[in-house]
Participant: 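Questions regarding the structure given below will be posed in turn.
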2 protein chains.
Amino acid sequence: MINSEKFSVAKNPTLEDAATIIGKVLVNKKTLIIVGNFRVKYDGRASSNLEYGERILIVKSDGAILIHRSFGYEPVNWQPPGSILHVQKKSNILEISAIRRNPRETLKVSFDKIFMISTFSLDDFADFNLFASEKDMHKAILLKPSLIEQGFKPISYEKKVDPGFIDVYGVDKNGKLVVIEVKRRIAGKDAVLQLAKYVTAIKSKSDRDIRGILVAPNISKGIQTLLFSLDLEFIALDPKKCANLLKKPEDKKLELFF
Amino acid sequence: MINSEKFSVAKNPTLEDAATIIGKVLVNKKTLIIVGNFRVKYDGRASSNLEYGERILIVKSDGAILIHRSFGYEPVNWQPPGSILHVQKKSNILEISAIRRNPRETLKVSFDKIFMISTFSLDDFADFNLFASEKDMHKAILLKPSLIEQGFKPISYEKKVDPGFIDVYGVDKNGKLVVIEVKRRIAGKDAVLQLAKYVTAIKSKSDRDIRGILVAPNISKGIQTLLFSLDLEFIALDPKKCANLLKKPEDKKLELFF
DNA sequence: ACATACATCTCGCGA
DNA sequence: TCGCGAGGTGTATGT
């Protein structure tokens with residue numbers, strides 16, 4: 001089969017040849033990399049214009065489209081997976097457009113020169129594993145509640161309350177209710193307000209004393225005073241440390257929980 | 001000059017040849033695209049592991065690194081611009097590592113097969129123009145305050161108050177103070193609470209009546225009641241409409257403001 | 001360097 | 001489908 005080849009690369013193809021190659025790729029769900037001179041117009045939630053320049057266009061097998069300049073982490077324009085593509089050869093211009101629904105957004109790429117067009121059938125079935133996420137911190141706290149303080153006992157996890165979900169909910173050694181908001185980064189103003197929101201929500205439904213604890217690797221500078229004024233507490237916890245704790249083979253019983 | 005060529009492409013290079021090519025690229029600040037079979041290890045704020053699979057690696061001329069699988073909008077691993085790269089040929093493995101400082105993070109890519117390696121000198125000096133940002137909405141309101149309501153007069157822009165910055169601050173036709181929070185998307189609970197925070201901050205420093213107005217294309221479903229209970233108002237404003245308003249050649253005096 | 005807020009944020013989860 | 005919150009968020013803009 002012609003299309004079973006692992007990859008193909010064409011240097012300085014004509015725009016007609018490129019159009020043919022792209023047409024086949026769209027049918028065969030391959031991944032496409034084009035480098036050339038083109039401009040980009042986007043219209044949707046916002047709109048943008050980028051005049052001609054030499055850039056990289058990637059079309060993935062799931063319909064995701066990325067346009068990258070020679071600098072910067074972020075794509076300058078894009079379309080998410082599931083977008084519908086069309087290719088069209090106009091006079092001296094090769095036009096690729098991608099449409100997304102909900103929200104309706106259109107992306108139009110106009111090439112006047114293609115340096116390289118390459119197509120690939122990429123086999124990639126590996127799992128991606130990330131450690132030290134906020135969820136790892138949740139797990140670590142449930143596994144070893146003393147990370148919070150001696151005598152802390154978790155009651156529920158991701159408890160639903162009026163304004164949202166409480167990360168961890170429990171009681172301290174004195175029987176006081178404890179609401180915990182966990183952040184994997186240095187916690188700022190928003191985190192404090194989020195915690196305050198949950199604490200007031202619980203308070204409005206109970207007469208018991210409530211402690212609100214912000215758990216994060218650190219808090220930003222001006223926040224300590226805000227914390228005190230809202231009668232909230234801070235406990236330092238490092239996400240990497242939590243991840244290492246979970247890697248230990250002992251106490252795998254936690255798996256049952258998730 | 002050997003290195004003055006626009007681009008180069010090699011198919012199925014040996015890992016030694018690839019290492020040579022990459023070494024030159026790092027010196028010449030070109031943009032590099034490699035497609036091959038590799039694994040990725042990351043360690044920094046978090047850590048991750050991705051076993052061998054066929055993927056795309058891009059190294060930009062500013063040191064940004066992107067690793068893309070054949071699906072999804074986001075890179076599975078990356079390093080931001082300014083990262084320091086090293087390339088090393090081990091037995092049957094080509095290793096590219098990238099280090100970032102502050103935070104210190106390391107990325108290690110190990111190739112056992114390269115399908116294609118290509119290098120490019122991309123000329124791209126075009127301006128990227130985006131319309132319908134939140135800032136465009138701010139500008140439109142200052143240009144045409146009646147977008148809020150008849151008789152509204154803006155006083156200040158991005159006014160600093162205790163908990164942060166007020167987007168737009170002014171007085172209505174009755175002389176009441178008006179605090180405006182602008183969102184370019186459908187506004188949710190967080191936007192309402194943010195506005196409430198500013199209003200209470202202003203109230204605590206003045207005895208005058210304060211109106212808090214949330215300006216956005218729409219508000220999420222359950223929010224109307226919350227708004228009323230906090231005595232706040234909502235005014236619909238579409239970011240695209242604001243952008244079109246700014247495109248009109250008339251009233252360019254606003255430029256002076258920014 | 002640190003803190004704050006925006007983003008065409010994207011993505012996943014739950015109702 | 002909508003709403004909400006996490007993210008190795010990144011990026012710009014202050015201080």
Side-chain angles (χ1 to χ4, degrees), chain A residues 40 42-48 64-67 72-83 100-107 128 130-138 158 160 163-167 181-191 194 197-198 218-223 239-240 243, chain B residues 40 42-48 64 66-67 72-81 100-107 128 130-138 158 160 163-167 181-191 193-194 218-223 239-240 243:
Chain A
V40 189
Y42 152 74
D43 190 62
R45 288 165 292 180
S47 62
S48 73
I65 297 151
L66 304 169
I67 294 162
Y73 161 83
E74 294 178 320
V76 62
N77 282 109
W78 71 90
Q79 206 65 291
S83 302
R100 164 192 197 178
R101 285 155 168 78
N102 202 290
R104 177 169 176 87
E105 303 198 285
T106 60
L107 184 70
F128 176 70
L130 181 75
F131 308 100
S133 63
E134 187 184 308
K135 197 149 201 169
D136 280 353
M137 296 177 75
H138 295 174
E158 302 217 330
K160 176 113 182 66
F165 287 86
I166 292 174
D167 286 341
E181 175 64 29
V182 179
K183 291 290 169 204
R184 71 169 308 288
R185 311 202 279 179
I186 295 169
K189 209 162 290 182
D190 52 346
Q194 198 175 339
K197 188 178 66 174
Y198 292 137
N218 212 336
I219 50 175
S220 59
K221 194 153 36 70
I223 295 301
K240 302 286 291 279
Chain B
V40 189
Y42 152 75
D43 190 62
R45 289 165 293 179
S47 62
S48 73
L66 304 168
I67 294 163
Y73 161 83
E74 294 178 320
V76 62
N77 281 111
W78 71 91
Q79 207 65 290
R100 163 193 198 178
R101 283 148 168 82
N102 203 291
R104 177 170 175 86
E105 303 198 284
T106 60
L107 183 70
F128 176 70
L130 181 76
F131 308 100
S133 62
E134 188 184 305
K135 196 150 202 169
D136 280 353
M137 296 177 74
H138 296 175
E158 302 217 328
K160 177 116 183 63
F165 287 86
I166 291 174
D167 286 341
E181 174 65 29
V182 180
K183 292 290 167 201
R184 71 169 309 287
R185 308 202 284 175
I186 296 169
K189 209 162 289 183
D190 51 347
L193 294 174
Q194 198 175 338
N218 211 337
I219 49 175
S220 59
K221 196 153 34 74
I223 295 301
K240 303 286 293 279

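The model shown is predicted, which means the values in this text are computed figures rather than measured ones. In what follows, chains carry the letters A, B, and so on, assigned in the order in which the sequence lines appear, proteins first and then strands, with residues in each chain numbered from 1.
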Participant: Any side-chain heavy atom of A:Asp167 sitting closer than 4.5 Å to one from A:Met137?
Facilitator: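 Contact flag for A:Asp167/A:Met137 side chains = no.
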Participant: Could you grab the distance from atom CG of B:Leu66 to atom CD of A:Glu74, nearest 0.5 Å is fine?
Facilitator: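 Between B:Leu66 CG and A:Glu74 CD, I get 10.5 Å after rounding to 0.5 Å.
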Participant: Reading DNA chain C 5' to 3', which nucleotide is the first, and which the last, to come under 4.0 Å of any heavy atom in chain B?
Facilitator: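 Range of nucleotides within reach of chain B: C:dA5 to C:dC11.
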Participant: Applying a 4.0 Å non-hydrogen cut-off, can you work out what A:Asp190 is touching in the nucleic acid: base, sugar-phosphate, or nothing?
Facilitator: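 Contact class for A:Asp190: none.
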Participant: Contact class for B:Ser48 vs. all strands (heavy atom < 4.0 Å): base, sugar-phosphate, or nothing?
Facilitator: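 Contact class for B:Ser48: none.
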Participant: Identify the heavy atoms of A:Glu105 and A:Arg45 that sit nearest to each other, and give their distance.
Facilitator: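 Shortest heavy-atom separation between A:Glu105 and A:Arg45 comes out as OE2-N, 2.8 Å.
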Participant: A:Phe128 CZ to D:dG7 P: how many Å, rounded?
Facilitator: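 Nearest whole value for this atom pair: 12 Å.
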Participant: Please work out if B:Ser47 contacts a base, only the sugar-phosphate, or nothing of the nucleic acid, heavy-atom cut-off 4.0 Å.
Facilitator: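 Touches nothing.
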Participant: Grab the two heavy atoms, one from A:Ser220 and one from A:Ile186, that are nearest each other, plus how far apart they are.
Facilitator: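 Distance-wise, the nearest heavy atoms are N-CG2, 3.6 Å.
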Participant: Starting at CD of A:Gln194, measure out to CG of B:Leu193 and round the result to the nearest 0.5 Å.
Facilitator: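 Rounded to the nearest 0.5 Å, the CD-CG separation comes out at 10.0 Å.
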Participant: Could you state the CD-C1' distance from A:Gln194 to D:dC4, rounded to the nearest angstrom?
Facilitator: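 The answer, rounded to whole Å, is 10 Å.
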Participant: Using a heavy-atom cut-off of 4.0 Å across all strands, would you classify B:Lys183 as base, sugar-phosphate, or nothing?
Facilitator: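 Since only primed, P, OP1 and OP2 atoms lie under 4.0 Å of B:Lys183, the category is sugar-phosphate.
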Participant: Within the 4.0 Å heavy-atom criterion, would you say B:Gly188 contacts the bases, only the backbone, or no part of the nucleic acid?
Facilitator: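 Sugar-phosphate only.
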Participant: Over all strands shown, is B:Gly164 touching base, sugar-phosphate only, or nothing at heavy-atom distances under 4.0 angstrom?
Facilitator: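 Sugar-phosphate contact only.
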Participant: A:Ser48 and side chain to side chain contact (heavy atoms under 4.5 Å, CB included): which single residue from A:Val40, A:Asn77, A:Val76 fits?
Facilitator: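 When A:Val40, A:Asn77, A:Val76 are each tested with A:Ser48, the side chain to side chain contact (heavy atoms under 4.5 Å, CB included) holds only for A:Asn77.
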Participant: How far, in whole Å, is C:dA7 from D:dA6 if one measures between their C1' atoms?
Facilitator: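 Their C1' atoms lie roughly 15 Å apart.
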Participant: Which atoms of nucleotides 9-12 of chain D (N or O only) lie under 3.5 Å from a protein N or O atom, and what are those distances?
Facilitator:
unit_1	atom_1	unit_2	atom_2	d
D:dT9	OP1	A:Arg185	NH1	3.3
D:dT9	OP2	A:Arg184	NH1	2.4
D:dG10	OP1	B:Arg45	NH2	3.0
D:dG10	OP1	B:Trp78	NE1	3.3
D:dG10	OP2	B:Arg45	NH1	3.0
D:dT11	OP1	A:Tyr73	N	3.2

Participant: So which heavy atom on B:Tyr42 is nearest to which on B:Leu107, and how close?
Facilitator: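 Closest approach of B:Tyr42 to B:Leu107: CB-CD1, 4.0 Å.
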Participant: If every non-hydrogen atom of A:Lys240 is compared with every non-hydrogen atom of B:Asp43, which pair is closest and at what distance?
Facilitator: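 That would be NZ-OD1, 3.2 Å.
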Participant: C1' atom, D:dT9 versus D:dG5: distance in rounded Å?
Facilitator: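 The same atom, C1', in both gives a distance of 13 Å.
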Participant: If we take the C1' atom in both D:dT11 and D:dG7, what is their distance in whole Å?
Facilitator: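 Comparing C1' positions in D:dT11 and D:dG7 gives a spacing of 14 Å.
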Participant: Take atom NZ of A:Lys189 and atom C1' of D:dT15, then tell me their distance rounded to the nearest Å.
Facilitator: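 So the NZ-C1' distance, A:Lys189 to D:dT15, works out to 13 Å.
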Participant: Identify the two heavy atoms, one from A:Arg184 and one from A:Pro239, that lie closest to each other, and give their separation to 0.1 Å.
Facilitator: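 In terms of heavy atoms, the two residues are closest at O-CG, 3.5 Å.
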Participant: State whether the side chain of A:Tyr73 and the backbone N or O of B:Pro81 hold a donor-acceptor pair below 3.5 Å, judged by distance alone.
Facilitator: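 It does not hold such a pair.
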Participant: Which value, rounded to the nearest 0.5 Å, describes the distance between A:Asp190 atom CG and A:Glu181 atom CD?
Facilitator: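 It comes to 9.5 Å.
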Participant: Please classify the nucleic acid contact of A:Tyr198 as base, sugar-phosphate, or nothing, using heavy-atom distances under 4.0 Å.
Facilitator: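 Sugar-phosphate, backbone atoms only, no base.
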Participant: Quick one: label A:Val76 by what it contacts on the DNA or RNA (base, sugar-phosphate, nothing), any heavy atom closer than 4.0 Å.
Facilitator: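 Counting heavy atoms under 4.0 Å across all strands, the contact made by A:Val76 includes a base.
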Participant: B:Ser220 side chain N/O closer than 4.0 Å to the phosphate oxygens (OP1, OP2) of D:dC4?
Facilitator: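 Answer yes for this pair, as a side-chain N or O of B:Ser220 is under 4.0 Å from OP1 or OP2.
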Participant: For B:Gly188 and B:Ile223, work out which heavy atoms get closest and say how close.
Facilitator: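 Residues B:Gly188 and B:Ile223, closest heavy atoms: C-CD1, 4.0 Å.
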Participant: Round to a whole Å and report the spacing from CD1 of B:Ile67 to C1' of D:dG8.
Facilitator: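 The answer, rounded to whole Å, is 13 Å.
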Participant: Would you tell me if any nitrogen or oxygen in the side chain of B:Gln79 comes within less than 4.0 Å of OP1 or OP2 on D:dG8?
Facilitator: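 The answer is no; no side-chain N or O of B:Gln79 sits under 4.0 Å from OP1 or OP2.
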Participant: Taking Watson-Crick (N1-N3 plus N6-O4 or O6-N4) and G-U wobble (N1-O2, O6-N3), each under 3.5 Å, can you produce the dot-bracket string of DNA chain C? Use [ ] for crossing pairs and | for inter-strand ones.
Facilitator: |||||||.|||||||
Participant: Assign each of A:Asn77 and A:Ala187 to its nearest nucleotide of DNA chain C by heavy atoms, then name whichever residue's nucleotide is nearer the 5' end.
Facilitator: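 Nearest-nucleotide comparison on DNA chain C picks A:Ala187.
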Participant: Taking CZ from A:Phe165 and P from D:dA6, how many angstroms apart are they, rounded to a whole number?
Facilitator: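 A:Phe165 atom CZ is separated from D:dA6 atom P by 12 Å.
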